[in-house]
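Here's the structure we're looking at; comments come further down.
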Amino acid sequence: MFLLSFTKLLVLCSIIIGASPLEASQKVPKIITTSPTLTELIFQLGYGKTLVATSEFSDYPKEAKSLPTIGSLFYPSLEKIVRFSPDYVLVDSESTPHTLVTQLNKVKLASISIHLRSVEELFTSSKTLLQEIFHAQHLTILEEKTKQLQSNTKIFSKNFRFLIVAWISPLTLFGNSTFLSDLISKYGGQNLLNSNLQAAYPQVSLEWFVKNPPDILFLLTNQKENLDELQRLAQKWWPNQKVNLVALSPDYFARPTFTPLEHISAILKDAL
Amino acid sequence: MKRLFGGGLLLTVLFICLGLLLFGGAQAISFDTFTAESMTNSADHRIFWLLKIPRLLLVLTVGGALAMVGGTYQILFNNSLADPYILGVSSSVTLGLVVAEIFLGWPSNSIKAMGIGLGFALIVILLLLFCFYFHKLQNMERVVLFGVGINFLFSSALFILISLQNHTLGSGSMRWLFGNIPWIELKESFALIAITAPIGIIIVIFGRYLDGLSLGDTVARTLGFNPNHVRGFYLVLTSLLLTSVTCLTGSIGFIGLVVPHCVRLVFAPRSSRVLLLISFVFGALFLAVSDTISRSILPPLEFPIGMVTTLLGGPLFLYLLWKR
(Lines give C-alpha, C1' and ligand atoms only; values in the text may rest on other atoms or scores of the structure.)
Protein backbone atom coordinates (compact mmCIF):
# COMPACT_ATOMS: atom_id res chain seq x y z
CA MET A 1 0.00 0.00 0.00
CA PHE A 2 2.78 2.33 1.03
CA LEU A 3 4.82 1.34 -2.04
CA LEU A 4 1.88 2.11 -4.34
CA SER A 5 1.38 5.54 -2.79
CA PHE A 6 5.05 6.24 -3.07
CA THR A 7 5.01 5.34 -6.78
CA LYS A 8 2.07 7.64 -7.29
CA LEU A 9 3.92 10.37 -5.49
CA LEU A 10 6.92 9.82 -7.75
CA VAL A 11 4.77 10.10 -10.85
CA LEU A 12 3.13 13.25 -9.49
CA CYS A 13 6.51 14.77 -8.69
CA SER A 14 7.78 13.98 -12.14
CA ILE A 15 4.78 15.82 -13.63
CA ILE A 16 5.33 18.77 -11.36
CA ILE A 17 9.01 19.12 -12.19
CA GLY A 18 8.22 18.82 -15.87
CA ALA A 19 9.95 15.55 -16.56
CA SER A 20 8.33 12.86 -18.70
CA PRO A 21 5.95 10.99 -16.38
CA LEU A 22 7.06 7.64 -17.70
CA GLU A 23 7.92 4.87 -15.35
CA ALA A 24 11.59 3.89 -15.11
CA SER A 25 10.93 0.37 -16.40
CA GLN A 26 8.86 1.65 -19.32
CA LYS A 27 10.60 2.16 -22.64
CA VAL A 28 10.69 5.82 -23.58
CA PRO A 29 9.05 6.11 -27.01
CA LYS A 30 10.75 8.20 -29.68
CA ILE A 31 8.23 10.64 -31.11
CA ILE A 32 8.25 12.90 -34.15
CA THR A 33 5.63 15.60 -34.60
CA THR A 34 4.83 17.14 -37.97
CA SER A 35 3.59 20.52 -36.75
CA PRO A 36 4.36 23.16 -34.11
CA THR A 37 0.88 22.58 -32.67
CA LEU A 38 1.56 18.93 -31.91
CA THR A 39 4.98 19.79 -30.49
CA GLU A 40 3.41 22.28 -28.11
CA LEU A 41 0.71 19.78 -27.17
CA ILE A 42 3.21 17.03 -26.34
CA PHE A 43 5.11 19.43 -24.09
CA GLN A 44 1.86 20.44 -22.40
CA LEU A 45 1.03 16.82 -21.71
CA GLY A 46 4.42 16.51 -20.01
CA TYR A 47 6.18 14.31 -22.57
CA GLY A 48 8.39 16.84 -24.31
CA LYS A 49 11.47 14.76 -23.69
CA THR A 50 10.15 11.96 -25.88
CA LEU A 51 10.42 14.18 -28.95
CA VAL A 52 13.35 13.39 -31.20
CA ALA A 53 12.44 15.73 -34.07
CA THR A 54 9.73 18.09 -35.20
CA SER A 55 8.66 20.37 -38.04
CA GLU A 56 9.93 23.84 -38.83
CA PHE A 57 8.36 26.75 -36.90
CA SER A 58 8.21 24.67 -33.69
CA ASP A 59 9.22 27.44 -31.34
CA TYR A 60 7.16 26.90 -28.22
CA PRO A 61 8.12 26.11 -25.51
CA LYS A 62 11.70 27.26 -25.89
CA GLU A 63 13.01 23.66 -25.55
CA ALA A 64 11.26 22.92 -28.86
CA LYS A 65 13.55 25.30 -30.68
CA SER A 66 16.56 23.04 -30.06
CA LEU A 67 14.91 19.98 -31.61
CA PRO A 68 16.09 18.82 -35.02
CA THR A 69 13.63 19.39 -37.85
CA ILE A 70 12.22 17.04 -40.46
CA GLY A 71 12.01 19.65 -43.20
CA SER A 72 9.34 22.07 -44.22
CA LEU A 73 6.00 22.15 -42.48
CA PHE A 74 3.90 21.33 -45.51
CA TYR A 75 6.36 18.97 -47.13
CA PRO A 76 8.23 17.03 -44.42
CA SER A 77 11.10 14.89 -45.60
CA LEU A 78 10.37 11.18 -45.37
CA GLU A 79 14.10 10.42 -45.48
CA LYS A 80 14.76 12.57 -42.45
CA ILE A 81 11.88 10.96 -40.57
CA VAL A 82 13.19 7.47 -41.31
CA ARG A 83 16.70 8.47 -40.20
CA PHE A 84 15.42 9.21 -36.68
CA SER A 85 13.80 5.73 -36.42
CA PRO A 86 10.87 7.02 -34.37
CA ASP A 87 8.41 4.76 -32.59
CA TYR A 88 5.55 7.06 -33.54
CA VAL A 89 5.05 9.88 -35.99
CA LEU A 90 2.26 12.22 -34.96
CA VAL A 91 0.75 13.66 -38.12
CA ASP A 92 -1.19 16.91 -37.98
CA SER A 93 -4.10 16.45 -40.37
CA GLU A 94 -4.44 20.22 -40.86
CA SER A 95 -0.98 20.97 -42.17
CA THR A 96 0.58 17.73 -43.34
CA PRO A 97 -0.17 16.13 -46.71
CA HIS A 98 -2.38 13.05 -46.37
CA THR A 99 0.06 11.09 -48.47
CA LEU A 100 2.59 11.16 -45.63
CA VAL A 101 0.60 8.60 -43.61
CA THR A 102 0.59 6.21 -46.58
CA GLN A 103 4.30 6.73 -47.11
CA LEU A 104 4.99 6.11 -43.41
CA ASN A 105 3.00 2.87 -43.59
CA LYS A 106 5.07 1.76 -46.55
CA VAL A 107 8.31 2.26 -44.64
CA LYS A 108 6.73 0.50 -41.65
CA LEU A 109 6.67 3.44 -39.30
CA ALA A 110 3.75 3.78 -36.89
CA SER A 111 1.82 7.00 -37.24
CA ILE A 112 -1.19 8.60 -35.65
CA SER A 113 -3.21 11.25 -37.48
CA ILE A 114 -4.37 13.99 -35.12
CA HIS A 115 -7.34 16.27 -35.82
CA LEU A 116 -7.63 19.42 -33.73
CA ARG A 117 -10.61 21.31 -35.12
CA SER A 118 -12.58 21.59 -31.89
CA VAL A 119 -12.13 21.61 -28.13
CA GLU A 120 -13.57 18.08 -27.98
CA GLU A 121 -11.00 16.88 -30.49
CA LEU A 122 -8.23 18.44 -28.42
CA PHE A 123 -9.33 16.47 -25.38
CA THR A 124 -9.98 13.19 -27.19
CA SER A 125 -6.69 13.43 -29.10
CA SER A 126 -4.82 14.17 -25.89
CA LYS A 127 -6.47 11.20 -24.24
CA THR A 128 -5.49 8.95 -27.16
CA LEU A 129 -1.90 10.14 -26.97
CA LEU A 130 -1.68 9.66 -23.23
CA GLN A 131 -3.22 6.19 -23.27
CA GLU A 132 -1.95 4.66 -26.49
CA ILE A 133 1.52 6.11 -26.78
CA PHE A 134 2.58 7.04 -23.31
CA HIS A 135 0.48 4.37 -21.53
CA ALA A 136 -0.46 6.87 -18.86
CA GLN A 137 -2.32 5.35 -15.92
CA HIS A 138 -3.98 8.61 -14.95
CA LEU A 139 -5.47 11.41 -16.93
CA THR A 140 -5.23 13.96 -14.13
CA ILE A 141 -3.99 16.70 -16.40
CA LEU A 142 -7.01 16.34 -18.71
CA GLU A 143 -9.45 16.17 -15.82
CA GLU A 144 -8.04 19.40 -14.44
CA LYS A 145 -8.26 21.11 -17.80
CA THR A 146 -11.87 19.98 -18.24
CA LYS A 147 -12.84 21.30 -14.81
CA GLN A 148 -11.10 24.58 -15.52
CA LEU A 149 -12.91 24.97 -18.85
CA GLN A 150 -16.27 24.16 -17.29
CA SER A 151 -15.85 26.64 -14.46
CA ASN A 152 -14.66 29.33 -16.87
CA THR A 153 -17.54 28.94 -19.31
CA LYS A 154 -20.16 28.96 -16.53
CA ILE A 155 -19.41 32.59 -15.74
CA PHE A 156 -20.46 33.70 -19.23
CA SER A 157 -24.21 33.74 -19.66
CA LYS A 158 -24.46 36.41 -22.34
CA ASN A 159 -24.82 35.36 -25.96
CA PHE A 160 -22.90 37.33 -28.54
CA ARG A 161 -22.18 37.23 -32.26
CA PHE A 162 -18.58 37.20 -33.40
CA LEU A 163 -16.25 36.96 -36.35
CA ILE A 164 -12.55 36.18 -36.28
CA VAL A 165 -10.39 37.89 -38.89
CA ALA A 166 -7.37 35.88 -39.86
CA TRP A 167 -6.20 38.24 -42.56
CA ILE A 168 -7.47 41.68 -43.53
CA SER A 169 -6.55 41.71 -47.22
CA PRO A 170 -7.80 39.45 -48.69
CA LEU A 171 -10.45 39.27 -45.99
CA THR A 172 -10.03 35.81 -44.52
CA LEU A 173 -12.07 34.62 -41.56
CA PHE A 174 -12.05 31.67 -39.20
CA GLY A 175 -14.80 29.26 -40.18
CA ASN A 176 -17.01 27.30 -37.83
CA SER A 177 -14.88 24.21 -38.20
CA THR A 178 -11.86 25.78 -36.51
CA PHE A 179 -10.67 25.27 -32.99
CA LEU A 180 -10.73 28.95 -32.08
CA SER A 181 -14.29 29.43 -33.31
CA ASP A 182 -15.41 26.35 -31.38
CA LEU A 183 -13.65 27.59 -28.24
CA ILE A 184 -15.35 30.99 -28.35
CA SER A 185 -18.69 29.28 -29.01
CA LYS A 186 -18.28 27.48 -25.68
CA TYR A 187 -18.47 30.91 -24.01
CA GLY A 188 -21.80 31.79 -25.63
CA GLY A 189 -20.49 33.13 -28.91
CA GLN A 190 -22.06 32.53 -32.31
CA ASN A 191 -19.83 32.66 -35.37
CA LEU A 192 -21.76 34.66 -37.99
CA LEU A 193 -20.31 32.60 -40.82
CA ASN A 194 -22.72 30.01 -42.11
CA SER A 195 -22.21 26.85 -40.08
CA ASN A 196 -22.65 24.75 -43.24
CA LEU A 197 -19.45 26.15 -44.65
CA GLN A 198 -16.80 23.53 -44.26
CA ALA A 199 -13.90 25.78 -45.22
CA ALA A 200 -11.63 26.41 -42.26
CA TYR A 201 -10.34 29.80 -43.35
CA PRO A 202 -12.61 31.09 -46.11
CA GLN A 203 -11.97 34.29 -48.01
CA VAL A 204 -15.24 36.21 -47.75
CA SER A 205 -16.82 39.07 -49.61
CA LEU A 206 -16.40 42.45 -47.98
CA GLU A 207 -19.98 43.35 -48.87
CA TRP A 208 -21.31 40.47 -46.80
CA PHE A 209 -18.94 41.43 -44.00
CA VAL A 210 -20.19 45.03 -43.90
CA LYS A 211 -23.81 43.88 -43.99
CA ASN A 212 -23.30 41.54 -41.01
CA PRO A 213 -21.64 43.46 -38.17
CA PRO A 214 -20.72 41.24 -35.21
CA ASP A 215 -20.82 42.19 -31.53
CA ILE A 216 -17.17 41.26 -31.21
CA LEU A 217 -14.69 41.28 -34.05
CA PHE A 218 -11.54 39.36 -33.22
CA LEU A 219 -8.32 39.89 -35.12
CA LEU A 220 -5.45 37.47 -34.84
CA THR A 221 -2.47 39.78 -34.73
CA ASN A 222 0.50 40.92 -32.71
CA GLN A 223 0.87 44.16 -34.58
CA LYS A 224 -0.80 47.30 -33.38
CA GLU A 225 -0.85 48.75 -36.91
CA ASN A 226 -3.14 45.91 -38.06
CA LEU A 227 -5.55 46.56 -35.23
CA ASP A 228 -5.50 50.30 -35.90
CA GLU A 229 -6.18 49.65 -39.58
CA LEU A 230 -9.15 47.43 -38.79
CA GLN A 231 -10.40 50.00 -36.26
CA ARG A 232 -10.29 52.67 -38.94
CA LEU A 233 -12.13 50.47 -41.41
CA ALA A 234 -14.72 49.41 -38.83
CA GLN A 235 -15.55 53.05 -38.14
CA LYS A 236 -16.10 53.59 -41.86
CA TRP A 237 -18.15 50.46 -42.41
CA TRP A 238 -20.24 50.51 -39.25
CA PRO A 239 -20.44 54.17 -38.17
CA ASN A 240 -23.68 53.67 -36.25
CA GLN A 241 -22.95 50.36 -34.62
CA LYS A 242 -20.81 49.41 -31.70
CA VAL A 243 -18.46 46.68 -32.80
CA ASN A 244 -16.03 45.61 -30.13
CA LEU A 245 -12.64 45.04 -31.71
CA VAL A 246 -10.39 42.59 -29.89
CA ALA A 247 -6.84 41.55 -30.76
CA LEU A 248 -5.88 37.93 -30.20
CA SER A 249 -2.17 37.34 -29.98
CA PRO A 250 -1.02 34.55 -32.31
CA ASP A 251 1.40 33.53 -29.55
CA TYR A 252 -1.57 32.32 -27.53
CA PHE A 253 -4.34 31.70 -30.04
CA ALA A 254 -2.87 30.54 -33.33
CA ARG A 255 -2.41 26.93 -32.30
CA PRO A 256 -5.17 24.59 -31.15
CA THR A 257 -3.56 23.49 -27.89
CA PHE A 258 -4.37 24.09 -24.22
CA THR A 259 -2.81 27.57 -24.37
CA PRO A 260 -5.90 29.31 -25.87
CA LEU A 261 -8.04 27.72 -23.13
CA GLU A 262 -5.95 29.43 -20.49
CA HIS A 263 -6.18 32.91 -22.02
CA ILE A 264 -9.60 33.22 -23.64
CA SER A 265 -11.56 33.85 -20.43
CA ALA A 266 -9.61 36.98 -19.55
CA ILE A 267 -9.96 38.30 -23.10
CA LEU A 268 -13.73 37.73 -23.17
CA LYS A 269 -14.23 39.20 -19.69
CA ASP A 270 -12.67 42.44 -20.91
CA ALA A 271 -14.58 42.39 -24.20
CA LEU A 272 -18.01 41.71 -22.75
CA MET B 1 -22.88 43.57 -90.59
CA LYS B 2 -22.98 40.18 -88.88
CA ARG B 3 -19.77 41.03 -87.04
CA LEU B 4 -21.18 44.36 -85.95
CA PHE B 5 -24.33 42.68 -84.67
CA GLY B 6 -22.30 40.04 -82.81
CA GLY B 7 -20.11 42.70 -81.24
CA GLY B 8 -23.12 44.79 -80.25
CA LEU B 9 -24.82 41.80 -78.70
CA LEU B 10 -21.68 40.91 -76.77
CA LEU B 11 -21.32 44.47 -75.53
CA THR B 12 -24.98 44.52 -74.40
CA VAL B 13 -24.52 41.29 -72.49
CA LEU B 14 -21.37 42.62 -70.87
CA PHE B 15 -23.06 45.88 -69.85
CA ILE B 16 -25.92 43.91 -68.29
CA CYS B 17 -23.28 42.00 -66.36
CA LEU B 18 -21.79 45.32 -65.29
CA GLY B 19 -25.17 46.37 -63.91
CA LEU B 20 -25.33 43.07 -62.04
CA LEU B 21 -21.92 43.82 -60.59
CA LEU B 22 -23.12 47.10 -59.15
CA PHE B 23 -26.47 45.93 -57.90
CA GLY B 24 -25.86 42.20 -57.47
CA GLY B 25 -22.82 40.36 -56.17
CA ALA B 26 -22.55 38.96 -52.67
CA GLN B 27 -25.02 41.56 -51.35
CA ALA B 28 -27.75 42.67 -53.72
CA ILE B 29 -28.66 46.35 -53.56
CA SER B 30 -32.04 47.79 -54.46
CA PHE B 31 -32.64 51.04 -56.32
CA ASP B 32 -34.37 52.37 -53.18
CA THR B 33 -30.90 52.91 -51.82
CA PHE B 34 -30.73 56.03 -53.96
CA THR B 35 -34.25 57.29 -53.60
CA ALA B 36 -35.32 57.07 -49.97
CA GLU B 37 -33.72 59.77 -47.87
CA SER B 38 -33.62 57.53 -44.85
CA MET B 39 -31.41 55.13 -46.74
CA THR B 40 -28.48 57.51 -47.09
CA ASN B 41 -27.06 56.22 -43.84
CA SER B 42 -27.92 52.57 -44.43
CA ALA B 43 -25.53 49.66 -44.83
CA ASP B 44 -26.62 49.30 -48.47
CA HIS B 45 -25.72 52.90 -49.15
CA ARG B 46 -22.28 52.41 -47.63
CA ILE B 47 -21.78 49.14 -49.48
CA PHE B 48 -22.58 50.88 -52.76
CA TRP B 49 -20.43 53.97 -52.31
CA LEU B 50 -17.63 52.63 -50.13
CA LEU B 51 -17.22 49.17 -51.64
CA LYS B 52 -18.90 48.65 -54.99
CA ILE B 53 -17.99 51.86 -56.82
CA PRO B 54 -14.27 51.92 -55.90
CA ARG B 55 -14.05 48.20 -56.63
CA LEU B 56 -15.71 48.61 -60.02
CA LEU B 57 -13.30 51.39 -60.97
CA LEU B 58 -10.36 49.28 -59.84
CA VAL B 59 -11.53 46.19 -61.70
CA LEU B 60 -12.22 48.09 -64.92
CA THR B 61 -8.81 49.77 -64.80
CA VAL B 62 -6.91 46.57 -64.03
CA GLY B 63 -8.77 44.45 -66.59
CA GLY B 64 -8.38 47.07 -69.29
CA ALA B 65 -4.70 47.60 -68.55
CA LEU B 66 -3.90 43.88 -68.58
CA ALA B 67 -5.67 43.37 -71.91
CA MET B 68 -3.91 46.37 -73.38
CA VAL B 69 -0.49 45.18 -72.20
CA GLY B 70 -1.21 41.71 -73.59
CA GLY B 71 -2.23 43.13 -76.98
CA THR B 72 0.90 45.30 -77.10
CA TYR B 73 3.18 42.37 -76.23
CA GLN B 74 1.67 40.23 -78.98
CA ILE B 75 2.53 42.93 -81.51
CA LEU B 76 5.99 43.69 -80.08
CA PHE B 77 7.07 40.07 -80.05
CA ASN B 78 5.08 39.18 -83.14
CA ASN B 79 3.90 36.10 -81.31
CA SER B 80 0.38 35.13 -80.35
CA LEU B 81 1.58 33.58 -77.09
CA ALA B 82 3.30 36.74 -75.88
CA ASP B 83 1.64 37.92 -72.71
CA PRO B 84 3.14 39.50 -69.57
CA TYR B 85 2.06 36.45 -67.60
CA ILE B 86 3.65 33.93 -69.94
CA LEU B 87 6.81 35.96 -70.53
CA GLY B 88 7.49 36.17 -66.81
CA VAL B 89 7.06 39.94 -66.49
CA SER B 90 4.03 39.58 -64.20
CA SER B 91 5.77 37.06 -61.98
CA SER B 92 8.87 39.28 -61.82
CA VAL B 93 6.78 42.25 -60.63
CA THR B 94 5.07 40.00 -58.10
CA LEU B 95 8.39 38.60 -56.92
CA GLY B 96 9.73 42.12 -56.46
CA LEU B 97 6.69 43.12 -54.41
CA VAL B 98 6.90 39.98 -52.25
CA VAL B 99 10.64 40.56 -51.68
CA ALA B 100 9.86 44.14 -50.63
CA GLU B 101 7.09 42.95 -48.32
CA ILE B 102 8.95 40.05 -46.70
CA PHE B 103 12.52 41.31 -46.49
CA LEU B 104 12.05 45.05 -46.26
CA GLY B 105 8.65 45.23 -44.59
CA TRP B 106 7.30 47.64 -47.21
CA PRO B 107 3.58 47.31 -47.96
CA SER B 108 3.00 46.14 -51.52
CA ASN B 109 1.02 49.25 -52.42
CA SER B 110 3.77 51.63 -51.29
CA ILE B 111 5.78 53.57 -53.84
CA LYS B 112 9.02 51.98 -52.60
CA ALA B 113 7.69 48.44 -53.07
CA MET B 114 6.34 49.39 -56.50
CA GLY B 115 9.83 50.63 -57.34
CA ILE B 116 11.27 47.22 -56.46
CA GLY B 117 8.55 45.51 -58.53
CA LEU B 118 9.29 47.78 -61.47
CA GLY B 119 13.01 47.10 -61.06
CA PHE B 120 12.41 43.34 -61.27
CA ALA B 121 10.20 43.83 -64.34
CA LEU B 122 12.86 45.93 -66.05
CA ILE B 123 15.48 43.27 -65.32
CA VAL B 124 13.32 40.66 -67.08
CA ILE B 125 12.66 43.00 -69.98
CA LEU B 126 16.37 43.73 -70.32
CA LEU B 127 17.03 40.00 -70.33
CA LEU B 128 14.38 39.52 -73.02
CA LEU B 129 15.83 42.35 -75.08
CA PHE B 130 19.34 40.99 -74.54
CA CYS B 131 18.15 37.61 -75.76
CA PHE B 132 16.53 39.28 -78.76
CA TYR B 133 19.40 41.59 -79.79
CA PHE B 134 22.29 39.28 -79.19
CA HIS B 135 20.82 36.08 -80.44
CA LYS B 136 22.17 35.25 -83.85
CA LEU B 137 18.80 34.44 -85.36
CA GLN B 138 16.81 37.14 -83.60
CA ASN B 139 14.12 34.54 -83.51
CA MET B 140 10.96 35.70 -81.70
CA GLU B 141 9.95 32.18 -80.79
CA ARG B 142 13.19 31.77 -78.89
CA VAL B 143 12.61 35.04 -77.10
CA VAL B 144 9.16 33.83 -76.02
CA LEU B 145 10.60 30.50 -74.88
CA PHE B 146 13.25 32.42 -72.97
CA GLY B 147 10.45 34.37 -71.29
CA VAL B 148 8.61 31.15 -70.45
CA GLY B 149 11.81 29.91 -68.77
CA ILE B 150 12.07 33.12 -66.78
CA ASN B 151 8.44 32.77 -65.77
CA PHE B 152 9.03 29.29 -64.36
CA LEU B 153 12.14 30.48 -62.54
CA PHE B 154 10.49 33.51 -60.96
CA SER B 155 7.27 31.67 -60.14
CA SER B 156 9.25 28.98 -58.33
CA ALA B 157 11.21 31.60 -56.40
CA LEU B 158 7.93 33.27 -55.51
CA PHE B 159 6.42 30.02 -54.31
CA ILE B 160 9.49 29.21 -52.21
CA LEU B 161 9.42 32.65 -50.59
CA ILE B 162 5.75 32.31 -49.73
CA SER B 163 6.13 28.80 -48.31
CA LEU B 164 9.05 29.91 -46.15
CA GLN B 165 6.86 32.47 -44.42
CA ASN B 166 5.44 31.60 -41.04
CA HIS B 167 2.67 29.22 -41.92
CA THR B 168 0.20 30.22 -39.23
CA LEU B 169 -1.87 32.41 -41.46
CA GLY B 170 -0.02 32.74 -44.69
CA SER B 171 -3.20 32.88 -46.72
CA GLY B 172 -2.65 36.57 -47.33
CA SER B 173 0.42 35.76 -49.36
CA MET B 174 -1.53 33.44 -51.62
CA ARG B 175 -3.11 36.49 -53.25
CA TRP B 176 0.12 36.92 -55.15
CA LEU B 177 -0.26 33.54 -56.78
CA PHE B 178 -3.94 33.62 -57.70
CA GLY B 179 -4.71 37.31 -57.85
CA ASN B 180 -7.00 39.24 -55.56
CA ILE B 181 -9.16 42.35 -55.84
CA PRO B 182 -8.44 44.30 -52.66
CA TRP B 183 -10.63 46.86 -50.98
CA ILE B 184 -9.50 50.35 -51.84
CA GLU B 185 -11.02 53.74 -51.23
CA LEU B 186 -12.47 55.91 -53.98
CA LYS B 187 -9.52 58.31 -53.92
CA GLU B 188 -7.14 55.37 -54.37
CA SER B 189 -9.16 54.19 -57.36
CA PHE B 190 -8.82 57.63 -58.90
CA ALA B 191 -5.09 57.66 -58.10
CA LEU B 192 -4.70 54.38 -59.99
CA ILE B 193 -6.63 55.79 -62.94
CA ALA B 194 -4.46 58.91 -62.83
CA ILE B 195 -1.34 56.74 -63.11
CA THR B 196 -2.56 54.27 -65.71
CA ALA B 197 -4.62 56.53 -67.99
CA PRO B 198 -1.70 58.66 -69.28
CA ILE B 199 0.36 55.52 -69.99
CA GLY B 200 -2.56 53.95 -71.83
CA ILE B 201 -3.10 57.13 -73.83
CA ILE B 202 0.58 57.30 -74.83
CA ILE B 203 0.45 53.65 -75.95
CA VAL B 204 -2.56 54.37 -78.14
CA ILE B 205 -1.28 57.71 -79.48
CA PHE B 206 1.92 56.10 -80.75
CA GLY B 207 -0.05 53.14 -82.06
CA ARG B 208 1.10 53.69 -85.65
CA TYR B 209 4.56 52.47 -84.66
CA LEU B 210 2.98 49.25 -83.50
CA ASP B 211 1.26 48.97 -86.89
CA GLY B 212 4.67 49.22 -88.48
CA LEU B 213 6.14 46.61 -86.15
CA SER B 214 3.28 44.22 -86.80
CA LEU B 215 4.38 44.15 -90.47
CA GLY B 216 7.90 43.07 -89.50
CA ASP B 217 11.15 44.83 -88.66
CA THR B 218 12.18 45.32 -92.29
CA VAL B 219 8.94 47.11 -93.16
CA ALA B 220 9.26 49.13 -89.96
CA ARG B 221 12.69 50.36 -91.04
CA THR B 222 11.40 51.33 -94.46
CA LEU B 223 8.72 53.36 -92.66
CA GLY B 224 11.51 55.37 -91.11
CA PHE B 225 11.82 54.21 -87.54
CA ASN B 226 14.10 51.89 -85.63
CA PRO B 227 12.02 48.88 -84.50
CA ASN B 228 14.38 48.14 -81.63
CA HIS B 229 13.95 51.61 -80.17
CA VAL B 230 10.17 51.34 -80.46
CA ARG B 231 10.25 47.91 -78.83
CA GLY B 232 12.33 49.21 -75.91
CA PHE B 233 10.08 52.26 -75.49
CA TYR B 234 6.93 50.17 -75.42
CA LEU B 235 8.36 47.55 -73.09
CA VAL B 236 9.25 50.20 -70.50
CA LEU B 237 5.81 51.81 -70.83
CA THR B 238 3.92 48.54 -70.50
CA SER B 239 6.09 47.54 -67.52
CA LEU B 240 5.06 50.72 -65.75
CA LEU B 241 1.43 49.95 -66.50
CA LEU B 242 1.75 46.37 -65.40
CA THR B 243 3.55 47.25 -62.16
CA SER B 244 0.95 49.80 -61.18
CA VAL B 245 -1.87 47.25 -61.42
CA THR B 246 -0.01 44.15 -60.22
CA CYS B 247 1.05 45.81 -56.96
CA LEU B 248 -2.62 45.96 -56.04
CA THR B 249 -4.00 42.74 -57.41
CA GLY B 250 -1.14 40.26 -57.76
CA SER B 251 -0.88 38.15 -60.90
CA ILE B 252 -4.12 37.75 -62.80
CA GLY B 253 -3.52 35.48 -65.70
CA PHE B 254 -5.22 34.90 -69.03
CA ILE B 255 -6.72 38.35 -69.65
CA GLY B 256 -3.65 39.63 -71.49
CA LEU B 257 -3.56 36.49 -73.58
CA VAL B 258 -7.19 35.78 -74.32
CA VAL B 259 -8.86 39.18 -74.68
CA PRO B 260 -6.76 40.58 -77.58
CA HIS B 261 -7.15 37.26 -79.41
CA CYS B 262 -10.91 37.29 -78.94
CA VAL B 263 -11.04 40.90 -80.12
CA ARG B 264 -9.07 39.96 -83.24
CA LEU B 265 -11.30 36.99 -83.92
CA VAL B 266 -14.58 38.85 -83.40
CA PHE B 267 -13.85 42.38 -84.64
CA ALA B 268 -10.79 41.91 -86.89
CA PRO B 269 -9.53 45.45 -86.17
CA ARG B 270 -7.46 47.04 -88.93
CA SER B 271 -5.08 49.00 -86.75
CA SER B 272 -3.24 48.46 -83.51
CA ARG B 273 -4.93 51.47 -81.97
CA VAL B 274 -8.38 50.02 -82.52
CA LEU B 275 -7.22 46.62 -81.32
CA LEU B 276 -5.83 48.09 -78.10
CA LEU B 277 -8.85 50.28 -77.44
CA ILE B 278 -11.35 47.45 -77.94
CA SER B 279 -9.11 45.15 -75.91
CA PHE B 280 -9.14 47.70 -73.12
CA VAL B 281 -12.95 47.84 -73.08
CA PHE B 282 -13.42 44.09 -73.22
CA GLY B 283 -10.59 43.39 -70.77
CA ALA B 284 -12.22 45.78 -68.31
CA LEU B 285 -15.65 44.21 -68.72
CA PHE B 286 -14.27 40.69 -68.67
CA LEU B 287 -12.55 41.26 -65.33
CA ALA B 288 -15.64 43.00 -63.95
CA VAL B 289 -17.82 40.02 -64.86
CA SER B 290 -15.25 37.59 -63.46
CA ASP B 291 -15.17 39.57 -60.23
CA THR B 292 -18.95 39.47 -59.90
CA ILE B 293 -18.95 35.74 -60.49
CA SER B 294 -16.15 35.19 -57.96
CA ARG B 295 -18.35 36.76 -55.29
CA SER B 296 -21.67 35.29 -56.37
CA ILE B 297 -21.00 31.57 -56.76
CA LEU B 298 -21.20 30.70 -53.07
CA PRO B 299 -21.78 33.83 -50.99
CA PRO B 300 -20.31 34.95 -48.66
CA LEU B 301 -17.26 33.14 -50.03
CA GLU B 302 -15.08 34.93 -52.52
CA PHE B 303 -12.90 32.98 -54.91
CA PRO B 304 -9.51 34.20 -56.12
CA ILE B 305 -10.11 36.26 -59.23
CA GLY B 306 -7.30 34.60 -61.23
CA MET B 307 -9.04 31.26 -61.01
CA VAL B 308 -12.30 32.69 -62.32
CA THR B 309 -10.66 34.51 -65.24
CA THR B 310 -8.99 31.28 -66.29
CA LEU B 311 -12.15 29.22 -65.88
CA LEU B 312 -14.18 31.71 -67.90
CA GLY B 313 -11.60 32.70 -70.48
CA GLY B 314 -10.33 29.21 -71.28
CA PRO B 315 -13.55 27.76 -72.74
CA LEU B 316 -14.40 31.06 -74.47
CA PHE B 317 -10.99 31.14 -76.12
CA LEU B 318 -11.20 27.50 -77.19
CA TYR B 319 -14.69 28.05 -78.60
CA LEU B 320 -13.58 31.03 -80.68
CA LEU B 321 -10.53 29.15 -81.98
CA TRP B 322 -12.72 26.18 -82.88
CA LYS B 323 -15.23 28.33 -84.70
CA ARG B 324 -12.51 29.98 -86.75
Task: Interchain contact, A:Leu171 with chain B, by part (heavy-atom threshold 4.5 Å) - done: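 The answer is neither part of A:Leu171.
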- [ ] Measure A:Leu233 against the heavy atoms of chain B and call it side chain, backbone, both or neither at under 4.5 Å.
- [x] side chain
- [ ] Answer whether the closest heavy-atom distance between the side chains of A:Lys211 and B:Pro300 falls below 4.5 Å.
- [x] no
TODO: For residues A:Trp237 and B:Trp183, determine if any side-chain heavy atom of one lies less than 4.5 Å from a side-chain heavy atom of the other.
DONE: yes
Open item on the list: Can you tell me how far apart CG (B:Asp44) and CD (A:Glu207) are? Round to the nearest 0.5 Å.
Closed with: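 The distance works out to 10.0 Å.
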Task: Smallest separation among heavy atoms of A:Ser205 and B:Glu302, with atom names - done: CA-OE1, 3.2 Å
Please determine whether the number of non-hydrogen atoms from other residues, nucleotides or ligands lying under 6.0 Å from atom [atom1] of [X] exceeds 12.
X        : atom1 : value
A:Glu79  : CD    : no
A:Tyr60  : OH    : no
A:Phe123 : CZ    : yes

Open item on the list: Do the side chains of A:Lys236 and B:Glu185 get close enough for a salt bridge, i.e. N-O under 4.0 angstrom?
Closed with: yes
- [ ] Count the heavy-atom pairs under 4.5 Å between each of A:Val210, A:Val204, A:Leu206 and chain B, then report the option with the highest count.
- [x] A:Val204
